[in-house]
Amino acid sequence: MEVLLLLAMLLLPVERSECVRCFARFNPTLGQCNEEIGDVVEDDCCQNPQYGYEAADGVCQSCGPPTWSEWSAWSHCTALCETGVRQRKRTCYSAGEVQCSNPQDKLETQPCSGMCCEDKGWGSWLAWSSCSISCGEGGVRTRRRVCSSSAECRWACTGPSEETENCPPQNTCPVHGGWSSWAAWGKCSGPCVDDQRGTTPSKQRERSCSNPPPSSDTVPPGDTCPGDEVQATPCSELPNCPVDGNWAPWSSYGPCSTSCGEGLQTSTRTCNNPAPNYGGRFCDGPNAQTRTCQNLCPVDGFWSGWSGWSECSASCVSPSQIPSRTRFRFCTNPAPSSSPAGRACAGERQQVEQCQHLHHCAVDGVWGSWAPFTPCPVTCGVGAQVSTRRCDSPAANHGGKPCSGEERRSKVCSTNVHCPVNGVWSDWSPWGKCANVFRKVITCKQLGGSQTRERECLHQAHNGTICPGDYLTESRVCYDVGGCYIKGNWEGWESWTLCKPACGGKSKRFRKRICKPDYKDYRPTIGINKEPANFFGTPLADCGDLPPDQKFEKEDCLQVPACN
């Protein structure tokens with residue numbers, strides 16, 4: 001019946017099942033699903049028998065034929081000392097309603113003897129740790145104890161391994177001084193840079209150790225603020241101080257120049273004692289005294305002093321641009337005459353420099369474009385196509401925030417083709433009747449016969465491989481001794497059964513003494529090929545009388561855990 005149900009599930013069209021989380025790998029040992037593909041209909045996921053799925057209850061199931069997991073390791077004995085039981089479990093993993101063979105045999109229980117009679121359990125509590133704070137209130141401290149039991153007795157150590165409590169009040173915490181914000185810059189100590197004396201005015205700003213002030217009544221006292229209370233900087237942005245010109249002595253009268261009309265015989269003096277600079281006043285009075293002779297000479301232009309630097313064009317250095325600042329000067333000291341034309345000032349009117357002293361701007365990460373989805377990785381069933389992107393457009397830098405969101409996305413692709421389902425051998429059927437070639441009754445006779453048993457190749461579908469091996473049937477030679485009276489001999493005891501029921505109350509186990517039939521009157525081989533004989537059936541072996549309590553034993557299984 002189970003075979004028909006599973007084949008119907010695999011081969012016949014059925015109503016669409018619920019949506020599940022589909023995985024490309026199922027681990028039957030651990031019962032775990034790995035390599036998630038995505039949410040798909042259960043029928044589509046299980047087009048591949050290698051897959052697994054997780055339904056709403058969170059339990060991972062196999063898409064393949066029903067299969068038992070391996071038995072778990074035996075649990076620790078339920079008794080620390082004397083007699084208890086230990087248990088082991090296994091799980092049936094299957095798709096749909098089809099179950100593993102013998103679905104009730106998922107728990108085994110057997111008696112055991114606790115080996116922890118001399119176990120000491122917890123050791124003494126260790127010393128308290130230091131308080132989590134060194135002063136004030138609100139700190140905690142902890143202490144630990146160690147379980148000195150061996151691994152199998154470790155559960156004898158009940159209760160916590162660590163205790164925590166509030167610390168006793170500590171000394172008042174010192175308050176360390178903190179600087180207030182800097183005050184605004186004061187006025188410059190002068191209005192301009194004195195180029196003649198080589199002095200530059202300066203300005204100051206102050207701060208105080210008052211945010212908060214350091215405590216003086218604590219032990220130890222609070223630390224004072226590190227660093228300077230006053231900060232000074234030169235006023236480099238000021239213009240140079242004007243330098244007023246002063247005449248040098250008159251020169252001797254020069255020759256008369258008549259190239260520009262009526263000329264003059266001129267005696268000159270030069271305004272260079274000192275020369276005017278940075279907007280200073282030119283010397284008062286003429287620089288020449290003449291005796292009529294010719295026209296005046298042209299006046300060449302001269303630069304004023306440089307202005308102060310402007311503010312930087314930005315407050316931080318970005319990846320695409322370094323901020324800059326600018327200063328100017330003007331050809332007005334004096335301006336070149338226009339008639340006759342004087343020479344213009346030589347050199348640049350404007351200077352620009354980069355603000356290299358600024359810090360880098362924080363750069364937040366930005367996702368690049370999604371890559372194309374990968375091709376569908378499977379040729380049957382469903383698979384997962386993947387697309388990725390990188391946080392590199394730009395990457396986060398200088399304290400900027402990383403990209404938020406996923407760097408990988410996937411989508412389910414379906415081939416609409418069922419994967420091959422390979423055949424799996426069923427268990428062998430029970431041995432059939434032992435009979436000779438003439439089909440005559442040979443029960444209780446020393447006549448040899450033969451018997452067969454069968455198996456089926458289950459679940460093979462969708463061009464999957466058939467089961468390995470060629471044999472659907474198996475035969476052997478036999479004697480039919482079922483229900484036959486045969487003398488025998490008492491031997492040892494059979495092994496104890498497992499505890500039944502495996503959980504809950506009134507669990508017991510059993511064993512009986514072995515009455516071994518004596519087959520000395522039977523030939524050990526059968527047939528011309530002298531095949532080893534098999535004895536089929538359960539004979540009525542007579543081993544003689546024994547007291548009832550020496551034929552059969554039972555005992556209670558103690559401390560059996562309750563059923564879940």
Side-chain angles (χ1 to χ4, degrees), residues 177-212 224-244 275-280 301-336 344-369 390-404:
W179 288 113
S180 66
S181 299
W182 284 103
W185 287 103
K187 293 183 178 180
C188 292
S189 58
C192 57
V193 178
D194 192 337
D195 194 40
Q196 297 294 306
R197 295 182 178 84
T199 59
T200 301
S202 63
K203 57 184 178 182
Q204 293 183 338
R205 62 177 181 178
E206 299 179 352
R207 59 180 177 176
S208 61
C209 189
S210 59
N211 186 32
T224 59
C225 300
D228 299 324
E229 189 174 17
V230 178
Q231 193 178 58
T233 186
C235 298
S236 58
E237 72 274 11
L238 294 176
N240 293 87
C241 296
V243 178
D244 294 336
N277 206 350
Y278 307 117
F302 197 79
W303 291 114
S304 66
W306 286 103
S307 67
W309 287 106
S310 67
E311 293 292 331
C312 291
S313 58
S315 60
C316 57
V317 178
S318 70
S320 60
Q321 186 176 13
I322 300 176
S324 62
R325 60 181 184 174
T326 309
R327 66 177 181 176
F328 299 89
R329 61 179 177 176
F330 302 93
C331 190
T332 58
N333 190 29
C345 299
E348 58 187 10
R349 175 178 177 273
Q350 173 182 314
Q351 283 185 338
V352 179
E353 72 173 8
Q354 292 181 329
C355 299
Q356 298 281 10
H357 60 284
L358 299 177
H359 62 84
H360 286 276
C361 303
V363 178
D364 294 337
V366 176
W367 287 113
S369 300
R390 300 181 63 185
C391 186
D392 60 358
S393 297
N397 203 355
H398 305 300
K401 292 181 291 188
C403 298
S404 60

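Residue numbers count from 1 along this sequence. When reading the values below, keep in mind they use all heavy atoms of this one structure, side chains included, and skip hydrogens, waters and symmetry mates. Every value quoted in this text rests on a predicted model; they were computed, and no experiment measured them.
A side-chain donor-acceptor contact under 3.5 Å links Ser304 to the backbone of Phe330. In terms of modelled atom types and a separation under 3.5 Å, the side chain of Trp179 and the main chain of Pro226 share a donor-acceptor contact. Looking only at distances, a side-chain donor or acceptor of Ser180 sits under 3.5 Å from a matching main-chain atom of Ser208. At least one donor-acceptor pair closer than 3.5 Å links the side chain of Ser189 to the backbone N or O of Ser202. Judged by distance alone, with hydrogens and angles left aside, the side-chain atoms of Ser313 form a donor-acceptor pair with the main-chain N or O of Ser324 at under 3.5 Å. Side-chain N or O atoms of Ser310 include one that pairs as donor or acceptor with a backbone N or O of Thr326 at under 3.5 Å.
Summarising the geometry of Cys209 relative to Gly177, their closest heavy-atom pair is SG-CA, 3.9 Å, with the distance given to 0.1 Å. Nearest approach of Cys345 to Trp303, heavy atoms of both residues: CB-CE2, 3.3 Å. The minimum heavy-atom distance between Trp306 and Gln351, with the atom names listed, is CH2-CG, 3.4 Å. Nearest heavy atoms, Gly305 versus Arg329: O-CB, 3.8 Å. When all heavy atoms are compared, the tightest approach of Pro323 to Cys312 is CB-CB, 4.4 Å. Nearest heavy-atom pair, Lys203 versus Trp185, reported as atom, atom and distance to 0.1 Å: O-CZ3, 3.7 Å.
Residues Val193 and Pro201 form a side-chain contact, since some pair of their non-hydrogen atoms from C-beta on lies under 4.5 Å apart. Two residues are said to be in side-chain contact when any heavy atoms from C-beta on lie closer than 4.5 Å; Glu229 and Glu206 fail this criterion.
Atom NZ in Lys187 sits 12.5 Å away from atom SG in Cys235 (nearest 0.5 Å). The CD1 atom of Ile322 sits 12.0 Å away from the CD atom of Glu353 when rounded to the nearest 0.5 Å. Atom CZ of Arg327 sits about 11.5 Å away from atom CD of Gln350, to the nearest 0.5 Å. Separation of atoms CZ (Phe328) and CD (Glu348) is listed at 11.5 Å; rounding is to 0.5 Å. Of the inter-residue distances, the one linking Cys391 atom SG with Lys401 atom NZ reads 12.0 Å to the nearest 0.5 angstrom. With values rounded to the nearest 0.5 angstrom, His359 atom NE2 is found 11.0 Å from His398 atom NE2.
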